[in-house]
Amino acid sequence: MELTCSHCGHTGDKVDFRFLNHADSAGVQCFRQCPQCHGAVYCEEMEEAEAYCGGSVWGTSGLRGRVFTRPRPQKEREREG
């Protein structure tokens with residue numbers, strides 16, 4: 001599916017336009033960001049899958065499954081030791 005930016009006129013595939021947010025909570029309307037002028041483009045999402053060329057599952061990163069802890073404050077360490 002091709003999109004055209006209403007701000008600068010750039011035309012490209014839907015995959016090239018970054019997904020920003022849904023325009024309404026229960027519909028298929030959304031906003032995508034133009035790769036050239038970074039303006040918001042209103043479009044209707046179709047039920048077709050986007051062409052994704054990555055090696056991992058869409059939306060995951062190297063941070064998935066990691067546990068992050070904060071360093072303990074000095075007072076807390078002194079109470080235990």
Side-chain angles (χ1 to χ4, degrees):
M1 176 180 180
E2 281 198 350
L3 293 178
T4 302
C5 178
S6 58
H7 304 285
C8 69
H10 174 71
T11 301
D13 289 335
K14 181 176 78 169
V15 177
D16 298 333
F17 287 75
R18 192 179 109 208
F19 179 82
L20 292 176
N21 203 354
H22 290 284
D24 59 356
S25 60
V28 294
Q29 293 85 15
C30 74
F31 289 105
R32 289 188 171 257
Q33 186 177 37
C34 176
Q36 295 226 329
C37 71
H38 305 291
V41 178
Y42 176 82
C43 69
E44 288 190 14
E45 292 288 306
M46 295 279 204
E47 292 298 322
E48 63 188 42
E50 293 184 7
Y52 177 67
C53 303
S56 64
V57 178
W58 182 85
T60 62
S61 70
L63 300 177
R64 183 175 182 169
R66 292 184 56 193
V67 177
F68 298 93
T69 59
R70 64 173 176 80
R72 295 186 315 179
Q74 182 67 27
K75 290 180 183 178
E76 193 174 302
R77 283 184 280 183
E78 290 172 356
R79 275 187 255 149
E80 290 180 1

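As the structure is a computational prediction, the values presented were derived from the model and not from experiment. Both backbone and side-chain heavy atoms feed into the values below; hydrogens, waters and symmetry mates do not.
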**Message:** Under the rule for side chain to side chain donor-acceptor pair (under 3.5 Å), what residues qualify as partners of Thr11, not counting sequence neighbours?
**Reply:** Thr4

**Message:** Once side chain to side chain donor-acceptor pair (under 3.5 Å) is applied, do any residues pair with Gln74, and if so which ones, sequence neighbours excluded?
**Reply:**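 For Gln74, the residues satisfying side chain to side chain donor-acceptor pair (under 3.5 Å) (neighbours in sequence not counted) are Arg77, Glu78.
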
**Item:** ring-ring contact (aromatic ring centres under 6.0 Å, His included) against His38, all qualifying residues, sequence neighbours excluded
**Value:**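 Applying ring-ring contact (aromatic ring centres under 6.0 Å, His included) to His38 gives none.
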
Heavy-atom pair with the smallest gap, counting every atom of [X] and [Y]:
X	Y	answer
Ala40	His7	O-NE2, 3.2 Å
Glu2	Asp13	CG-OD1, 3.9 Å
Leu3	Arg32	CD1-CD, 3.9 Å

My understanding is that only residues two or more places apart in sequence, or in another chain, count here; which of them pass side chain to side chain contact (heavy atoms under 4.5 Å, CB included) with [X]?
X	value
Gln36	Cys8, His10, Cys34
Pro73	Arg70, Glu76
Tyr42	Ala23, Gln29, Phe31

